[in-house]
Amino acid sequence: MNRIVHGAIAGALFGLGLAISGMTTPDKVLNFLDIAGSWDPSLALVMGAALVVSIPGFAWLRRRGRTLGGDALPSPPSDAIDFRLLLGSALFGIGWGLAGYCPGPALASLAHGWSEAVVFVVAMLAGSQLVRIVNRGRR
């Protein structure tokens, strides 16, 4: 139960931060990526502020060795940079650049009821399931 409560609190804080900083607005993201046009550097400030807050938190959790809920910290699945990682990163970046959404802001944008956010989330879930099906066939 603590795990659900902690997850809900963390998710609510993350979504609130995204909404307050304007990151749920696709135009804000698209203007950040438009370096030769109407460039808006404020997304870099948001990312920097997130690092300032999260790095000490992760360092503290690493020293503690456990999550706030008492679970062991999961280790990264792999530290190898391979073709699959590069392809997935490229597809993520292309999708982000086309729509102005990445998964967190898209989910937070559902609270606004914006139809483009709904379309993005449905497409994101469909892509995730497609990869799961492809990976199942590879095993």
List, by chain and number, the other hydrophobic cluster members for [X], where Ile, Leu, Val, Met, Phe, Trp and Tyr join if side-chain heavy atoms come within less than 4.5 Å, directly or indirectly.
{"X": "L16", "result": "I20"}
{"X": "L86", "result": "I81, L85"}
{"X": "V29", "result": "F14, L18, M23, F32, L33, I35, W39, L43, V46, M47, W96"}

Strictly below 4.0 Å, N to O, side chains only: are K28 and D40 in salt-bridge contact?
yes
For L73, all residues meeting side-chain contact (heavy atoms from CB on, under 4.5 Å), sequence neighbours excluded
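Counting only residues at least two positions away or on another chain, L73 forms a side-chain contact (heavy atoms from CB on, under 4.5 Å) with L61, T67.
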Check this for me: R64, atom CZ, are more than 12 non-hydrogen atoms of other residues, nucleotides or ligands nearer than 6.0 Å?
yes
Could you state whether L91 and F83 fall into the same hydrophobic cluster, counting links through intermediate Ile, Leu, Val, Met, Phe, Trp or Tyr residues with side-chain heavy atoms under 4.5 angstrom apart?
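Same cluster: L91 reaches F83 through Ile, Leu, Val, Met, Phe, Trp or Tyr contacts under 4.5 Å.
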Contacts table for residues 103-124: side-chain donor-acceptor under 3.5 angstrom, sequence neighbours left out:
residue : atom : partner : partner atom : Å
S109    : OG   : T24     : O            : 3.0
S109    : OG   : P105    : O            : 2.7

T25 and D27: side-chain donor and acceptor closer than 3.5 Å?
no
With rounding to the nearest 0.5 angstrom, report the NE2 to CZ distance, H6 to R3.
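The distance works out to 11.5 Å.
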Checking D34 now: which residues fulfil salt bridge (charged side-chain N to carboxylate O under 4.0 Å, His left out) with it, not counting sequence neighbours?
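If we apply the salt bridge (charged side-chain N to carboxylate O under 4.0 Å, His left out) test to D34, skipping adjacent residues, there are no hits.
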